[in-house]
Amino acid sequence: MSFDFGFALGILPVLLQGAVLTVLATIGGFAGALVGGAIVATMHRSDIKALRFLAIGFVYVIRNTPLLVQLYFVFYVLPSFGITIGALSAGILGLSLHYSAFIAEVYRAGIGAVPVGQFEAADALGLGTVQKWALVIAPQAVKPILPVLGNYLIGMFKETPILATITVIELFGAAQDVAGKTYRYNEPYTLVALIFLAISIPCSLLVRRLDSTRKGA
């Protein structure tokens with residue numbers, strides 16, 4: 001099947017609408033994962049055994065089941081328990097839960113890289129818990145993990161086509177819809193690849209720049 005540039009230009013607005021939804025799902029999912037990861041990491045460091053057990057169990061379950069299964073559970077199984085969530089919200093929630101498990105481990109690694117002496121020094125100065133974490137620990141822990149978080153953000157963006165399986169018409173879903181109606185596949189999927197590259201490459205270069213800056217600091 002030949003590539004029809006006129007047809008490609010005609011479907012571009014539809015695909016760009018899908019791309020907007022893709023970006024929204026990525027931003028929402030990543031924001032949720034940052035918060036969820038912080039909660040799980042905090043629970044993991046808790047002195048309360050039950051909280052540590054829950055955090056470990058959550059990370060274990062999420063990291064050992066596919067994202068697709070988790071999305072199906074959120075979108076199709078939760079309604080059986082009286083919890084019905086719209087497709088896009090379910091997609092964002094699924095991405096948030098999935099990446100929370102991975103980002104929690106990133107947080108733990110960042111905190112673990114802070115020398116013990118820094119904790120002891122903060123305690124010796126009589127800093128409260130909030131001051132200790134905000135002024136001493138967090139600034140040292142966040143800097144080395146920024147490139148890793150950037151890579152997870154790009155990874156999440158590239159995984160958004162899976163949201164089409166729960167009826168979210170994001171970029172890939174829009175391309176599927178066009179292909180299904182017109183029986184033309186070259187143009188929509190080629191444009192999908194180009195749009196993904198147009199967004200992913202600048203983000204990758206930014207992450208690389210962050211990493212270089214960190215190493216040079």
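Residue numbers run from 1 in the order of the sequence given. These numbers come from a predicted model, not from an experiment.
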> When you group the ILVMFWY residues by side-chain heavy-atom contacts below 4.5 Å and let the links chain together, are Val106 and Ile154 in the same group?
no
> Between Tyr107 and Leu34, is there a side-chain heavy-atom distance shorter than 4.5 Å?
yes
> Any side-chain heavy-atom pair from Phe73 and Thr65 closer than 4.5 angstrom?
no
> Would a hydrophobic clustering, with Ile, Leu, Val, Met, Phe, Trp and Tyr connected at side-chain separations under 4.5 Å, put Val74 with Ile162?
no
> On a heavy-atom basis, which atom in Glu170 and which in Thr22 lie closest, and how many Å separate them?
CB-OG1, 3.2 Å
> Could you state the interatomic distance from CD1 (Ile201) to CG (Leu206), rounded to the nearest 0.5 Å?
14.0 Å
> Please give me the minimum heavy-atom distance between Ile195 and Ala19, naming the atom from each residue.
CG2-CB, 4.0 Å
> Rounded to the nearest 0.5 Å, what separation is found between the CG atom of Leu95 and the CG atom of Leu71?
6.0 Å
> Where do Ile103 and Ala33 come nearest, in terms of heavy atoms and distance?
CD1-CB, 3.7 Å
> Can you tell me how far apart CG (Leu54) and CD1 (Ile39) are? Round to the nearest 0.5 Å.
12.5 Å
> Please, which pairs that meet salt bridge (charged side-chain N to carboxylate O under 4.0 Å, His left out) have at least one residue in residues 97-106, sequence neighbours excluded?
Glu105-Arg108
> Starting at CD of Gln176, measure out to OH of Tyr185 and round the result to the nearest 0.5 Å.
10.0 Å
> Kindly indicate whether the side chain of Leu15, heavy atoms from C-beta on, has any atom under 4.5 Å from the side chain of Leu171.
yes
> Val148, Tyr99: one ILVMFWY side-chain cluster at the under-4.5 Å cut-off?
yes
> Anything under 3.5 Å between a donor and an acceptor, one on a side chain of residues 118-127, the other on a protein residue two or more places apart or in another chain? List them.
unit_1, atom_1, unit_2, atom_2, d
Gln118, OE1, Gln140, NE2, 3.0
Asp123, OD1, Lys132, NZ, 3.4

> Distance check, rounded to the nearest 0.5 Å: Cys203 atom SG versus Leu153 atom CG?
6.5 Å
> Please report the shortest heavy-atom distance between Ser96 and Gly32, naming the atom on each side.
OG-CA, 3.5 Å
> Are Phe75 and Ile85 close enough that some pair of their side-chain heavy atoms sits under 4.5 Å apart?
no
> Examine distances only and state if a side-chain atom of Arg184 and a backbone atom of Ser2 form a donor-acceptor pair shorter than 3.5 Å.
yes
> So which heavy atom on Asn64 is nearest to which on Tyr60, and how close?
ND2-O, 2.7 Å
> Could you check if a side-chain atom of His98 sits within less than 4.5 angstrom of a side-chain atom of Pro66, using non-hydrogen atoms only?
no
> Quick one: are the ring centres of Phe157 and Phe196 less than 6.0 Å apart?
yes
> Answer with yes or no whether the hydrophobic clustering places Leu191 together with Val178; edges join I, L, V, M, F, W, Y residues whose side-chain heavy atoms lie under 4.5 Å apart.
yes
> To the closest 0.5 Å, what do you measure between CG (Leu21) and OG1 (Thr26)?
9.5 Å
> The criterion is salt bridge (Lys or Arg N to Asp or Glu O under 4.0 Å); which residues satisfy it with Glu159, sequence neighbours excluded?
none
> Does the side chain of Arg45 come within less than 4.5 Å of Ile111's, by heavy atoms?
yes
> For residues Thr42 and Ala38, report the shortest heavy-atom separation together with the two atoms involved.
OG1-O, 2.7 Å
> Given Leu163, which partner from the list Val168, Ile92, Ile169 fulfils the side chain to side chain contact (heavy atoms under 4.5 Å, CB included) test?
Val168
> For Arg52, is the CZ atom crowded, meaning more than 12 foreign heavy atoms sit under 6.0 Å from it?
yes
> Over 60° means perpendicular and under 30° means parallel, so tell me whether Tyr72 and Tyr76 are parallel, tilted or perpendicular.
tilted
> Under a 4.5 Å side-chain heavy-atom rule over Ile, Leu, Val, Met, Phe, Trp and Tyr, are Leu93 and Phe58 clustered together?
yes
